[in-house]
There are 2 protein chains.
Amino acid sequence: MTIMDQDSGVALWRRVADSIERGIADGSYPAGERLPGEVEIADAHRVNRHTVRRALAALAERGLVRAERGSGTYVQASKLAYPLHARTRFSEIVGAGGREPRGQLIASGDDVATRELARQLGVKVNAPLLRLETLRFADRVPICVGTTWLSAARFPDAAAIYQRTGSMTKLLAHYGIRDYRRGVSRVTAGIVDASDAARLDLALGRPVLMVDSTDVTLSGEPLQTKHSRFAADRVEFVIESD
Amino acid sequence: MTIMDQDSGVALWRRVADSIERGIADGSYPAGERLPGEVEIADAHRVNRHTVRRALAALAERGLVRAERGSGTYVQASKLAYPLHARTRFSEIVGAGGREPRGQLIASGDDVATRELARQLGVKVNAPLLRLETLRFADRVPICVGTTWLSAARFPDAAAIYQRTGSMTKLLAHYGIRDYRRGVSRVTAGIVDASDAARLDLALGRPVLMVDSTDVTLSGEPLQTKHSRFAADRVEFVIESD
DNA sequence: TAATATTTGTGCGTATGTATA
DNA sequence: ATATACATACGCACAAATATT
């Protein structure tokens, strides 16, 4: 027997993992449900039990399943675990979950700073601001819509650059900001409004997690302030208390 | 003129502050709104402007209002700011906000550990558990309902003690646990169910913030695991990113 | 309560295809 | 071309935790 499958050139254990993952995604194995035993999966796929174990280990690494000795392997919470840290980066979080992140600019425009925005961004009231409306995906599933305000004076071409790169991190890098951190985040919940519902592909009346946060440079200078709305059905914030 | 008001024995500036606070609480002054000018308030209450300033300073200290020189005084976020830290204590948070915390046991019963609960509490599946349903207030406004599970073997009289003290911290202290910390918290949102709606005095269809967390001793032993539902309209989680 | 079966976890040995020095 | 290292895959045996009878 060869190591790689002849057709696909993909390792056997990965093909088994993908098969199980599809089962979880399409609801064949609902959250909390027990998967078939390792030997049973091995027989079904006609592979060695070690190969199944390798596949399950990969899924467990990503948090999709959890093994319990003597009992079985169980499907974990299906929501995207989203850590709220100082170094929260959407692309890194989604990528770490084994999913493919994507960002998309859906609108942009010019605003003037309200009192609240001016305070958060450290500019004067009525200072010109750039407003970006973004939509972010994990594996083509919309996760969150966000409204970002930046100082128009400091980031004049922000809209065009985000449009091209699809990444806030890259946008800031273009202006020489290699690193930044998140200040305090304020989290609450609400009901999705009509336009967000369409963009997030959510039914009306569904809950959204609303996060207000401001990113600052390492020296404390405000860069951007955001108001994000996450589809609560698809996301779970994980807060590590130190 | 005396310092204390003749009738109530409460300082004048405090009476003014309470008056303004009531206005904020009942919606007369919505969040973000500009309060009347200091002289206007002074005239309305027939006090000196200095007395009003003393009152506003007290409110600003608690974060209810924010003064801006040359512009006015504005109502800050009216939601209860609820920090999610390792040392989160409901009573301390509410008290720090200048509001009066209260806890009430609304139900209790016996459960057996599901797989999930057993894992979180470090006990065996089907181990006997105590379930406490609690309702917590700030100034007589219901803030959150919580379901707490504890090991029945370790905390046999938990229900009676919570009933008497109305405090989780005191309950644990009764069993010799002087200090404890919160592990990871998982936060998401949902729609209030019928029974929670009644207890929280919320309209059906309103969003709730749902928090799953487990408290552990300083040495890492699991004590209690909780599923809390916060009225999203009244609470805002504050997450400090370190 | 006790014995038995099931299930995951661990270790070792063997073999082979792929990449690198 | 040869040697070495590495990842992949299979087979067997047993330990440890859990479930069942």
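As the structure is a computational prediction, the values presented were derived from the model and not from experiment. Keep in mind that the numbers below use all heavy atoms, side chains included, and drop hydrogens, waters and symmetry copies. We name chains A, B, ... by the order of the sequence lines, and we start the count at 1 in each one.
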Nearest of [options] to any side-chain atom of [X]?
{"X": "A/Trp13", "options": "D/dT8, D/dA19, D/dA16", "value": "D/dT8"}
{"X": "A/Arg69", "options": "D/dA19, D/dA9, D/dA17", "value": "D/dA17"}
{"X": "A/His50", "options": "D/dA19, D/dC12, C/dG9", "value": "D/dC12"}
{"X": "A/Val47", "options": "C/dT8, D/dA19, D/dC10", "value": "D/dC10"}
{"X": "A/Ala11", "options": "C/dT7, D/dT8, D/dG11", "value": "D/dT8"}

Could you state the atom-to-atom distance from [atom1] of [X] to [atom2] of [N] in whole Å?
{"X": "A/Glu38", "N": "D/dC10", "atom1": "CD", "atom2": "P", "value": "14 Å"}
{"X": "A/Arg49", "N": "C/dT8", "atom1": "CZ", "atom2": "C1'", "value": "6 Å"}
{"X": "B/Asn126", "N": "D/dA17", "atom1": "CG", "atom2": "C1'", "value": "15 Å"}
{"X": "A/Arg46", "N": "D/dC10", "atom1": "CZ", "atom2": "C1'", "value": "16 Å"}
{"X": "A/Leu12", "N": "D/dC10", "atom1": "CG", "atom2": "C1'", "value": "11 Å"}
{"X": "A/Leu35", "N": "C/dT8", "atom1": "CG", "atom2": "P", "value": "9 Å"}
{"X": "A/Asn48", "N": "D/dG11", "atom1": "CG", "atom2": "C1'", "value": "6 Å"}

Remember a base hit wins even if backbone is also touched, and classify [X] as base, sugar-phosphate or nothing at under 4.0 Å, heavy atoms.
{"X": "A/Val39", "result": "nothing"}
{"X": "A/Arg34", "result": "sugar-phosphate"}
{"X": "B/Arg115", "result": "sugar-phosphate"}

Ignoring backbone atoms, establish whether [X] has a side-chain N or O less than 4.0 Å from OP1 or OP2 of [N].
{"X": "A/Thr73", "N": "C/dT8", "value": "yes"}
{"X": "A/Ser71", "N": "D/dA17", "value": "no"}
{"X": "A/Arg53", "N": "C/dT8", "value": "no"}
{"X": "A/Arg54", "N": "D/dA9", "value": "no"}

| request: For this output row, return yes or no: ring centroids of A/Phe237 and B/Phe237 closer than 6.0 angstrom. | output: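 Centroid separation for A/Phe237 and B/Phe237: 6.0 Å or greater.
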| request: Verify the distance criterion only: is there a donor paired with an acceptor across the side chains of A/Ser28 and A/Arg22 at less than 3.5 Å? | output: no
| message | Can you tell me which residue among A/Val192, A/Asp193, A/Val235 is in a side chain to side chain contact (heavy atoms under 4.5 Å, CB included) with A/Val208? | response |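 For A/Val208, the side chain to side chain contact (heavy atoms under 4.5 Å, CB included) test succeeds with only one of A/Val192, A/Asp193, A/Val235, which is A/Val192.
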| task | Kindly indicate whether the side chain of A/Ile143, heavy atoms from C-beta on, has any atom under 4.5 Å from the side chain of A/Phe90. | result |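 A/Ile143 reaches A/Phe90 side chain to side chain.
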| said: Partner lookup for D/dA1, please. Criteria are Watson-Crick or G-U wobble with both distances under 3.5 angstrom; report none if nothing qualifies. | reply: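 Here D/dA1 is not engaged in any pair, so there is no nucleotide opposite it.
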| field | Minimum-distance pair of heavy atoms, taken over all atoms of B/Ala159 and B/Leu105 | value |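 For B/Ala159 and B/Leu105, the tightest heavy-atom pair comes out as O-CD2, 3.6 Å.
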